[in-house]
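Predicted model, so just to flag it, every value in this text is computed and none were measured. Quick note: residue numbers are just sequence positions, from 1. Heavy atoms only: backbone and side chains are in, while hydrogens, waters and symmetry mates are out.
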Amino acid sequence: MTAPERTEAGQRSTRHGRWPLARLGYLYATAVGFAWGSIWSTGEVRRHEGLWVFSGMPKWTFGRGGSCVGSCYLTDRNTGAAVLRHELVHREQWRRYGFAMPLLYLLAGRDPLRNRFEIEAGLEDGGYVRRSRRPKRREG
């Protein structure tokens, strides 16, 4: 048995189970995300491990703290390392499901604590739950 594939961000790859026409849907979503980001971004636009990051977006142009559309991440200023790790997993989800991704995400529910796509991307990295702190050891 071989080890599961890993993405550039170290996450488990979902490449092996792509849905039919997923690549076409992923490329279409990326084109839409890129156009939307190009129109509305007033901040830095950069590439991060294959993810286009559009910052300075007006809050009404994306959901929650930011939205991943294909390989584009649209946000106002939520671009920390943990969030970008989270969004890289969403990019892989777009690669796997393509056109079906928006419907599947909607069916998974608005509650990120129960949404399987948010859970897979990492609730802590996405900022949905606080990082757990390990209790300090007492010496003595």
Is [Y] reachable from [X] through a run of hydrophobic residues whose side-chain heavy atoms are each under 4.5 Å from the next?
X: V83; Y: L51; value: yes
X: L88; Y: V53; value: yes
X: I119; Y: Y128; value: yes
X: V89; Y: Y105; value: no

Do you know the tightest heavy-atom contact between [X] and [Y]?
X: C72; Y: G33; answer: SG-C, 3.7 Å
X: G70; Y: Y26; answer: C-CE1, 3.8 Å
X: P112; Y: L123; answer: O-CD2, 3.3 Å
X: F99; Y: L21; answer: CD1-O, 4.1 Å
X: G63; Y: S67; answer: N-OG, 2.8 Å
X: T79; Y: L84; answer: O-CD1, 3.6 Å

Exercise. Assess whether side chain to side chain contact (heavy atoms under 4.5 Å, CB included) is satisfied between S55 and R77, documenting all intermediate values.
Key: CA-CA 6 Å; S55 59; R77 61 180 191 271; 5.9 Å; no
Quiz item: Hey, what do you get for OG1 (T42) to CZ (F54), rounding to the nearest 0.5 Å?
Solution: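 Between T42 OG1 and F54 CZ, I get 12.5 Å after rounding to 0.5 Å.
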Self-check item: Spacing of CZ belonging to R95 relative to CZ belonging to R23, to within rounding of 0.5 Å
Solution: 8.0 Å
Please check if atom [atom1] in [X] has more than 12 non-hydrogen atoms from other residues, nucleotides or ligands closer than 6.0 Å.
X: Y28; atom1: OH; answer: no
X: R46; atom1: CZ; answer: yes
X: R114; atom1: CZ; answer: no

Any donor and acceptor pair, going by atom type alone, linking the side chain of [X] with main-chain N or O of [Y] inside 3.5 Å?
X: D76; Y: K59; value: no
X: H86; Y: G122; value: yes
X: T61; Y: P58; value: yes
X: T75; Y: G65; value: yes

Self-check item: Between E87 and H90, a side-chain donor and acceptor under 3.5 Å
Solution: no
Exercise. Please report the C-alpha distance between W94 and C68 in whole Å, then the side-chain angles of each, then the deciding distance to 0.1 Å, and finally whether the side chain to side chain contact (heavy atoms under 4.5 Å, CB included) criterion is met.
Key: CA-CA 9 Å; W94 272 101; C68 184; 4.1 Å; yes
Quiz item: Would you call E118-R64 a salt bridge at under 4.0 Å N-O?
Solution: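 Yes, charged N to carboxylate O under 4.0 Å.
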Practice problem: Could you walk me through whether M101 and F117 pass the side chain to side chain contact (heavy atoms under 4.5 Å, CB included) test, one step at a time? | Solution: CA-CA 10 Å; M101 183 63 187; F117 297 101; 3.8 Å; yes
Quiz item: Taking the six-membered ring for Trp, is the centroid-to-centroid distance between F62 and Y73 below 6.0 Å?
Solution: no
Quiz item: Are the aromatic ring centres of Y97 and W19 under 6.0 angstrom apart?
Solution: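 Here the rings of W19 and Y97 have centres that are less than 6.0 Å from each other.
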Exercise. Classify the ring geometry between W60 and W36 as parallel (under 30°), tilted (30 to 60°) or perpendicular (over 60°).
Key: perpendicular
Quiz item: Can R91 and W52 be said to form a side chain to side chain contact (heavy atoms under 4.5 Å, CB included), step by step?
Solution: CA-CA 10 Å; R91 183 193 68 185; W52 287 100; over 6 Å; no
